[in-house]
Amino acid sequence: CWNSEGSPNGKTSSFLVIDFGRTVRPIEIALQFQAGFVAEELKVFRRTQGTTASAAKEEEWAELADFEVDDDHEVQSFPLADQTALNGQEAMQTNALKLVFDECTDFYGRVTI
């Protein structure tokens, strides 16, 4: 379970970094939100350099995908299959993903997964 802090100033974006600790080839993310505490937009980035969480700087992230999210309690799946992998080439590799949550449905911008 993870939840963002939110803001008394209203809806702000928040993010979660998932550091795998090794190189992986992610193909899908499955998330279950608490209804009412959902971001309507989800952007997924992959770490392009750096090997530790402390090395995660803004310029080290490349956007993979942008999704619309449903405001419900069901598990939602978001495909990350890299187009090069679909063409028989090397699949996308990374050691971390950054999930950015925008346009929160909660008045204070909180997200709970």
Side-chain angles (χ1 to χ4, degrees):
C1 182
W2 175 86
N3 61 284
S4 65
E5 291 183 12
S7 169
N9 298 329
K11 300 178 182 183
T12 60
S13 64
S14 56
F15 68 92
L16 169 66
V17 173
I18 303 169
D19 191 331
F20 299 105
R22 62 185 173 87
T23 301
V24 297
R25 292 186 175 123
I27 58 171
E28 179 181 57
I29 293 177
L31 299 173
Q32 183 177 18
F33 293 90
Q34 180 177 330
F37 297 92
V38 176
E40 294 176 336
E41 296 178 12
L42 168 65
K43 291 181 183 174
V44 181
F45 296 81
R46 71 179 179 99
R47 184 179 289 150
T48 57
Q49 53 184 307
T51 57
T52 64
S54 62
K57 296 179 183 171
E58 189 65 37
E59 66 272 8
E60 295 180 355
W61 297 97
E63 186 171 350
L64 283 178
D66 191 358
F67 301 102
E68 290 185 16
V69 180
D70 295 327
D71 186 1
D72 62 35
H73 193 65
E74 300 299 319
V75 175
Q76 299 178 56
S77 295
F78 307 99
L80 299 177
D82 187 67
Q83 292 301 314
T84 58
L86 297 176
N87 294 328
Q89 300 173 10
E90 184 73 19
M92 180 273 302
Q93 296 183 10
T94 188
N95 62 0
L97 293 176
K98 181 178 183 179
L99 310 180
V100 178
F101 304 100
D102 289 319
E103 299 297 323
C104 302
T105 57
D106 176 60
F107 180 76
Y108 295 105
R110 296 170 294 189
V111 175
T112 300
I113 56 175

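Below, all heavy atoms of this structure are taken into account, side chains as well, without hydrogens, waters or symmetry copies. Owing to the predicted nature of the structure, the values given are computational and were not obtained by experimental measurement.
Counting only heavy atoms from C-beta outward, the side chains of Pro79 and Ile27 never approach each other to under 4.5 Å. For the pair Leu80 and Phe67, the minimum side-chain heavy-atom distance is below 4.5 Å. A heavy-atom distance below 4.5 Å is found between the side chains of Val44 and Leu64. Phe45 is listed as a side-chain neighbour of Val100, based on a closest heavy-atom distance under 4.5 Å.
Between the Thr48 side chain and the Glu60 main chain, a donor and an acceptor come within less than 3.5 Å of each other. Judged by distance alone, the side chain of Arg46 and the main-chain N or O of Gln93 form a donor-acceptor pair under 3.5 Å.
By the side-chain contact (heavy atoms from CB on, under 4.5 Å) test, Leu31 is found to be paired with Ile29, Phe33, Leu42, Phe78, Leu99, Phe101, Ile113, residues two or more places apart in sequence or in another chain being considered.
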Next on the checklist: Would Gln76 and Asp70 count as a side-chain contact (heavy atoms from CB on, under 4.5 Å) here? Give the steps.
Outcome noted: CA-CA 8 Å; Gln76 299 178 56; Asp70 295 327; 3.7 Å; yes
Checklist entry - Step by step, would you call His73 with Gln32 a side-chain contact (heavy atoms from CB on, under 4.5 Å)? => result CA-CA 6 Å; His73 193 65; Gln32 183 177 18; 3.4 Å; yes
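Atom CG in Asp71 sits 10.5 Å away from atom CD in Gln34 (nearest 0.5 Å). How far CG of Asp102 is from CD of Glu40: 10.5 Å, rounded to the nearest 0.5 Å.
Pairing each heavy atom of Ala96 with each of Asp19, the nearest pair is CB-CA, 4.0 Å. Shown here for Thr94 and Arg47, the closest heavy-atom pair between the two residues is OG1-O, 3.0 Å. The shortest non-hydrogen separation linking Val111 to Ser14 is CG2-OG, 4.1 Å.
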